[in-house]
There are 2 protein chains.
Amino acid sequence: MLSTTEENYLKALLQLTIEQVDKSEAGTNELAAHLGVKPATANDMLKKLREKQLIHYEKYGKSSLTVEGRKKAIEIVRKHRLWETFLYEHLGFTWDEVHEVAEQLEHIQSSKLIDKLDELLDYPSFDPHGDVIPSATGEMKIPEKKTLNEETVGHQCKMVGVKDNSATFLQYVDKVGLRINQPIKVLARQPYDELIEIEVNGLKSSVSPRFADNIIIVCHDCETQTRTC
Amino acid sequence: MLSTTEENYLKALLQLTIEQVDKSEAGTNELAAHLGVKPATANDMLKKLREKQLIHYEKYGKSSLTVEGRKKAIEIVRKHRLWETFLYEHLGFTWDEVHEVAEQLEHIQSSKLIDKLDELLDYPSFDPHGDVIPSATGEMKIPEKKTLNEETVGHQCKMVGVKDNSATFLQYVDKVGLRINQPIKVLARQPYDELIEIEVNGLKSSVSPRFADNIIIVCHDCETQTRTC
DNA sequence: TATTTTTGTTAGATTAACCTAACATTTATA
DNA sequence: TATAAATGTTAGGTTAATCTAACAAAAATA
Ligand SMILES: [Mn+2]
Ligand SMILES: [Mn+2]
Ligand SMILES: [Mn+2]
Ligand SMILES: [Mn+2]
């Protein structure tokens, strides 16, 4: 049985590798920063997780998950996102409130609990932030994502997530009228000030590149490459 | 913020005092046994909890909860029982399965979560084992309980709990047809072999004193004294 | 390539929660 | 009431997870 701390390290490693861009390994400092601990602490844990055959790690090298380690990590992500969905759909939490509580709930040990929760939620594919929920068998589809800022003019896309998870930003996104899975049409880009003209739910508006850089989208017109890990 | 371990000690102390019979303090060995730790370990924690003003404790004396400590303990019991109710009512757990998972869930820190759960369950008063769920304001009604073995012949009562929590016993109780909150009529007691004749849901049957001793009931005909703590 | 900066490791310490073994106090009982 | 039994405490040790400070290696850059 893994400790909560060990689970958190595995999840962090997953997020810094296959989840993020196409990087398959992470450095010690990077991992430590992501978890809010000192590099010395992370170093100890890396050695321990290697002993347990959950990660690949060599002195002064980058770390990555083993097949077994990735399986565990995906299980935790699945639990996290199912709980987020439950909190959002059944308990009236807002999407900027769910994460903090899910960080705790993801460590509850009971396979029956998570299976029944999945059933109650009718086997959802996405969490309230638009992130993919891995299946019970551990498959995790990762659709091609980019930012709204990178989207081609004229294309139609939908918002699937955000990069900035601060409550401030999330509340601003809500205010602007953007929602998860809501179609967005990119109308134009002003050459003068780089503002991006979009149409959301019939309503036209302009957003700054900085803002658009923090909106993650999946394009409906680009080739939507889907891979499984 | 209290640690999971500290919370478990407070809850144990509550269960060994006001919850149990009318005993208001518990010994170190008793507490240790209840928590499955060695007396030396419990002793350390008692000193720590006294420092935090959560318990009354003096060297070689019995321990009891302070007002603050009891408040915390009741909060944990509330969470435990609301989660048990959720698992039973919404996720199809059987009543012998809920406790183990609730032991974990009771330590999740989020007042919004527990308020919303309470709302979702429509503010229940009893958990699946028939135990009283403390209110959001920390009131915990303790109805007068006795065992089926102690019930007066001719009286009507209802089963509100069990003393033996083993899966074996609980499954047997189910098999016999007894359910929480189900009315039971005590018809007679055979002087020859002490078997107790009862009527449950129109069905008559006989049970042994040993069995009856593990069935906790609330009498409908006796004076049902209700006190608040 | 030599030097500086970044990144990663080790040693040694701390805290919480546990343990065993030895000792002390209180309570029961002969 | 003297002894035995039960109950409770202390001292000293372990493990997991964290830290700081000093050091080592690798990468970047001058
Ligand atoms: Mn989250
Ligand atoms: Mn999420
Ligand atoms: Mn329970
Ligand atoms: Mn219960």
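Side chains are part of it too, since the values below use all heavy atoms of this structure and drop only hydrogens, waters and symmetry mates. We name chains A, B, ... by the order of the sequence lines, and we start the count at 1 in each one. Source: prediction; values computed, not measured.
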With respect to the phosphate group of [N], does any side-chain polar atom (N or O) of [X] fall under 4.0 Å of OP1 or OP2?
| X | N | result |
| --- | --- | --- |
| A/Ser3 | D/dA16 | no |
| A/Asn43 | C/dG8 | no |
| B/Thr41 | C/dA17 | no |

Other residues, nucleotides and ligands only: do more than 12 of their heavy atoms fall within 6.0 Å of [atom1] on [X]?
| X | atom1 | value |
| --- | --- | --- |
| A/Lys112 | NZ | yes |
| A/Glu150 | CD | yes |
| B/Lys52 | NZ | yes |

[X] has an atom [atom1]; how far is it from atom [atom2] of [N], in whole Å?
| X | N | atom1 | atom2 | value |
| --- | --- | --- | --- | --- |
| B/Lys38 | D/dT9 | NZ | P | 17 Å |
| B/Glu58 | C/dT25 | CD | C1' | 15 Å |
| A/Asp44 | D/dT15 | CG | C1' | 13 Å |
| B/Glu30 | D/dT9 | CD | P | 13 Å |
| B/Lys47 | D/dA11 | NZ | C1' | 10 Å |
| B/Leu10 | C/dA17 | CG | P | 12 Å |
| A/Leu35 | D/dT18 | CG | P | 8 Å |
| A/Met45 | D/dT15 | CE | P | 16 Å |

Short side-chain donor-acceptor distance under 3.5 Å, A/His34 and A/Glu30: no
Heavy-atom donor-acceptor pair, A/Gln104 side chain to B/Gln109 backbone, under 3.5 Å: yes
Candidates [options] - which lies nearest the side chain of [X]:
| X | options | value |
| --- | --- | --- |
| A/Lys62 | D/dT10, D/dT18, C/dG8 | C/dG8 |
| B/Lys48 | D/dT9, C/dT20, C/dA17 | C/dA17 |
| B/Thr28 | D/dG8, C/dC18, C/dA17 | D/dG8 |
| A/Asn29 | D/dT9, C/dT7, C/dA17 | C/dT7 |
| B/Ala40 | C/dA21, D/dT18, C/dA17 | C/dA21 |

Between the protein and nucleotides 23-26 of chain D, which nitrogen or oxygen pairs are less than 3.5 angstrom apart?
residue, atom, partner, partner atom, Å
D/dA25, O4', A/Tyr60, OH, 3.4

Results of side-chain contact (heavy atoms from CB on, under 4.5 Å) for A/Ser125 - residues two or more places apart only: none
Sugar-phosphate, base or nothing in reach of A/Thr5, heavy atoms under 4.0 Å: sugar-phosphate
Selection residues 85-96 of chain B - residue pairs positive for salt bridge (Lys or Arg N to Asp or Glu O under 4.0 Å), sequence neighbours left out: none
